[in-house]
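Note on naming: letters A, B, ... go to the chains in the order of the sequence lines (proteins, then strands), and numbering restarts at 1 for each one. Heavy-atom basis, side chains included; hydrogens, waters and symmetry copies ignored.
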Number of protein chains: 4
Amino acid sequence: MSADPERAARPHTGRQRNEAARRAILDAALELLMEAGRSPITVDTIAERAGVGKQTIYRWWPSKYAVVLDAISGHAERDIPIPDTGTLHGDLTAFIRGSFRGACDAATAGALRLMAAEAQHNTQAGDLLRGFTERRRAALREVLERGQRRGELAPDADLVLLVDQAYGVLWYRVLVGHAPLTQALADRLVRGLIAQGSTP
Amino acid sequence: MSADPERAARPHTGRQRNEAARRAILDAALELLMEAGRSPITVDTIAERAGVGKQTIYRWWPSKYAVVLDAISGHAERDIPIPDTGTLHGDLTAFIRGSFRGACDAATAGALRLMAAEAQHNTQAGDLLRGFTERRRAALREVLERGQRRGELAPDADLVLLVDQAYGVLWYRVLVGHAPLTQALADRLVRGLIAQGSTP
Amino acid sequence: MSADPERAARPHTGRQRNEAARRAILDAALELLMEAGRSPITVDTIAERAGVGKQTIYRWWPSKYAVVLDAISGHAERDIPIPDTGTLHGDLTAFIRGSFRGACDAATAGALRLMAAEAQHNTQAGDLLRGFTERRRAALREVLERGQRRGELAPDADLVLLVDQAYGVLWYRVLVGHAPLTQALADRLVRGLIAQGSTP
Amino acid sequence: MSADPERAARPHTGRQRNEAARRAILDAALELLMEAGRSPITVDTIAERAGVGKQTIYRWWPSKYAVVLDAISGHAERDIPIPDTGTLHGDLTAFIRGSFRGACDAATAGALRLMAAEAQHNTQAGDLLRGFTERRRAALREVLERGQRRGELAPDADLVLLVDQAYGVLWYRVLVGHAPLTQALADRLVRGLIAQGSTP
DNA sequence: CCCTAAACGAGACGGTACGTCCGGTCTTAAT
DNA sequence: ATTAAGACCGGACGTACCGTCTCGTTTAGGG
């Protein structure tokens with residue numbers, strides 16, 4: 001059927017996707033993430049909150065995890081642009097402070113926890129999660145590489161490790177919840193990473 | 001299942017706790033953690049695999065997460081003793097290599113993922129997880145403090161942050177699964193942490 | 001489906017009803033009734049089989065039951081004309097044999113079952129069914145009244161009951177399916193009804 | 001598994017079926033059948049009304065149709081015992097009046113309609129329905145055979161046909177709903193059947 | 001001879017019910 | 001008293017249809 005040439009030639013004549021429903025679903029997911037703990041995040045709950053049939057969710061997303069990730073990945077990419085302050089310290093501070101602030105947001109924290117949770121026994125949720133984190137790591141790496149080109153990090157600095165340390169701290173605290181992600185912590189982390197990266 | 005020879009050999013013990021059942025439950029949990037993905041880790045699954053009634057699990061553990069944590073925490077504490085090589089570099093290498101090796105074990109990795117997963121919407125699982133990680137962080141902190149006392153780290157080094165960076169990398173890679181926890185990575189991490197901690 | 005040659009040959013007819021689509025829908029319904037059990041009879045199924053949009057069905061019929069009844073009612077009225085052999089026995093035999101033969105047809109039997117099924121929780125389907133059966137009962141009653149006028153039945157014979165007995169046997173066997181509607185059964189039924197009706 | 005000899009040898013030690021739940025489910029089904037039309041009969045509805053988990057229904061009955069049939073078949077067998085008045089006319093009147101009265105009961109009528117409905121596209125519901133009707137036909141046949149042995153029906157009377165006519169009228173009127181099942185109708189039907197059966 | 005309104009195919013939409021799965025509790029009979 | 005077995009309530013899951021609602025296309029017929 002997908003090989004049907006006539007099918008490919010005919011663009012799409014059916015009713016189009018309802019953008020309002022899409023937004024309502026993502027917004028409902030965000031709301032519920034923020035309330036996470038109070039009420040569990042359920043496909044039925046999302047559908048009800050969004051005023052939408054369950055099938056409309058399953059039509060466009062393979063699982064509620066895809067919805068949740070979709071709902072927050074807009075945030076992350078919009079709210080944490082790759083900064084350009086001229087110095088590595090400035091860029092890194094901006095980026096990591098922004099990331100920490102984002103991860104403190106109840107919805108985002110809820111989503112990260114939910115994704116990590118599901119990725120364990122759901123291959124597909126794992127793929128989604130890896131895709132999402134990969135994009136975030138690439139952004140941070142971009143910041144570091146710029147600093148490296150400017151000579152603010154040693155030429156042989158282990159950027160992959162630095163990136164994993166930064167996001168490691170973030171995820172570890174979000175998931176385990178033993179301590180908060182303060183802005184002061186972000187600053188100390190920045191100092192530490194630069195110290196590591198500039199040591200020959 | 002009914003053909004399991006070990007099963008036939010484990011008789012009821014009447015009114016005192018049946019140690020064989022305890023072991024069977026923990027072993028079943030470990031087995032299932034190792035097969036994670038293939039068969040789901042369910043209370044019923046654990047009970048069936050162990051040849052045990054569900055109530056026997058709930059009688060001795062408050063939830064399946066307690067079982068899982070119980071099943072692996074023996075490992076962690078037995079396999080990663082606090083080393084004493086005389087140098088911070090040696091101790092840290094031993095500890096982090098050991099931790100990484102432990103976390104690569106399928107059962108342990110499965111348990112970490114499962115715990116992180118559940119801690120999100122289950123207060124009790126969260127407490128268990130925080131208790132477990134707290135003990136591990138204390139062990140690593142002990143190693144660092146010893147080095148600090150020996151002058152191998154600056155007196156004002158941010159040990160809390162160093163600990164979170166180390167475990168952050170471990171958990172981040174285990175949970176997201178974008179890259180493996182190699183021994184080489186452990187060594188590079190050790191170098192980074194010492195560089196960071198010894199910078200004034 | 002897209003390879004259906006008839007489909008390509010059925011162009012839009014603009015603002016008047018497309019007779020080809022009407023036929024395609026009725027034919028699809030008949031086909032599906034004949035295959036009942038294999039594929040479920042669904043509005044979507046009918047639409048797909050007919051190569052038609054669902055709305056085209058709902059535009060012209062109030063429900064799928066109306067479609068189904070429309071699809072088979074042609075049969076019944078065409079195939080079982082009110083006979084005129086000169087004797088009650090002859091007429092009744094012709095009529096009941098014809099009715100039984102019709103009800104043995106897979107499509108018709110499927111439609112009767114489907115209608116009876118739906119009439120239970122769908123007022124509108126019930127009305128359609130009563131309208132359909134009313135017309136069939138009137139036809140049989142016509143046959144009986146003619147015989148009564150000729151003196152072949154007692155003047156006070158309970159024609160309503162005789163009609164219900166005849167159609168009762170037919171529907172009972174179709175719906176319950178414990179025994180087939182053979183021509184021999186039709187003959188025995190005719191004999192019984194005449195015996196009953198001619199007894200003073 | 002069912003061939004496992006050890007399994008057969010071990011009697012059954014688990015918790016036993018909760019009779020109260022069984023009754024609550026059947027009663028809820030009956031109540032809902034009586035209200036049929038107002039609210040549709042749903043597994044969830046039955047479960048909720050009975051204060052029972054859905055799984056408890058599916059554990060013991062393969063479908064809601066089995067529940068419904070179970071709920072009413074007690075009635076039929078209890079309320080319409082095979083009568084023994086000494087004459088065929090008396091027995092038949094008692095039996096058919098009883099059957100008509102039973103079929104007028106809202107719950108029973110609802111169940112018959114529901115079963116007929118489902119039997120169309122559900123093989124298993126069809127088998128249940130055939131089993132149920134078979135038992136009822138056997139009871140009526142017993143009444144007729146007794147009359148035949150007493151010489152009240154011709155030795156070659158077509159008992160199968162007489163039975164199908166009686167139940168045919170009942171089902172036809174219940175399902176199509178064009179006319180009620182009055183006691184007067186029962187009496188006229190009895191007269192007609194005896195007239196048929198006693199004609200040589 | 002264009003322009004519009006109806007009919008069409010496609011298919012997304014809000015709902016309702018389905019049958020399955022799991023968590024955590026409770027009950028039985030056996031040890 | 002503890003065990004294996006397993007029934008119980010509750011609640012989320014993902015699927016299947018229903019009947020409605022747009023879309024963009026096609027064409028007959030009125031201006």
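- The CG atom of A:Leu30 lies 9.5 Å from the CG atom of A:Asp70; values are rounded to the nearest 0.5 Å.
- Within the nucleic acid shown, C:Trp61 has no heavy atom closer than 4.0 Å to any nucleic acid atom.
- The CG atom of C:Asn18 sits 13 Å away from the C1' atom of F:dA28 (whole-angstrom rounding).
- Following rounding to the nearest Å, A:Asp44 (CG) and F:dC13 (P) show an atom-to-atom distance of 6 Å.
- In this model, no side-chain donor or acceptor of D:Lys54 finds a partner on the base of F:dG10 within 3.5 Å.
- A:Thr56 has a side-chain polar atom (N or O) that falls below the 4.0 Å cut-off from OP1 or OP2 of E:dG14.
- Atom P of nucleotide E:dA12 and atom CD1 of A:Ile57 are separated by 15 Å, given to the nearest angstrom.
- When the P atom of F:dC8 is taken as reference, atom OH of B:Tyr58 falls 18 Å away, rounded to whole Å.
- Judged by the 6.0 Å distance and 45° axis criteria, C:Arg22 is not positioned over the aromatic ring of C:Trp60.
- For a distance-only test at 3.5 Å, the side chain of D:Gln55 fails to qualify as a donor-acceptor partner of the base of F:dC8.
- For D:Arg15 against E:dC26, a side-chain-to-base donor-acceptor contact under 3.5 Å is present.
- Between C:Tyr65 and B:Ala47, the residue whose closest nucleotide on DNA chain F is further toward the 5' end is B:Ala47.
- Sequence order on DNA chain F of the closest nucleotides to A:Lys64 and C:Lys64 puts A:Lys64 first from the 5' end.
- Note on C:Arg59: a side-chain N or O is less than 4.0 Å away from OP1 or OP2 of E:dC8.
- By the 6.0 Å contact criterion, CD on A:Glu48 is open, its count of non-hydrogen atoms from other residues, nucleotides or ligands being 12 or less.
- With distances taken from any side-chain atom of A:Val52 to the nucleotides E:dC22, E:dG14, F:dG14, the minimum falls on E:dG14.
- Comparing D:Pro62 and B:Ser63 along DNA chain E, the residue whose closest nucleotide (by nearest heavy atom) sits nearer the 5' end is D:Pro62.
- Straight-line distance from the CZ atom of A:Arg17 to the C1' atom of E:dA10: 17 Å, rounded to whole Å.
- Side-chain N or O atoms of B:Lys64 include one that pairs as donor or acceptor with a backbone N or O of B:Ile41 at under 3.5 Å.
- In this structure, A:Glu48 atom CD and F:dC13 atom P are separated by 13 Å, rounded to whole Å.
- The CZ-P distance, from D:Arg23 to F:dA7, rounds to 20 Å in whole Å.
- Note on A:Trp60: every side-chain N or O is 4.0 Å or more away from OP1 and OP2 of E:dA12.
- Between the P atom of F:dC8 and the CZ atom of D:Arg22 lies a distance of 11 Å, rounded to the nearest Å.
- Distance check: A:Thr42 OG1 to A:Leu32 CG gives 8.5 Å after rounding to the nearest 0.5 Å.
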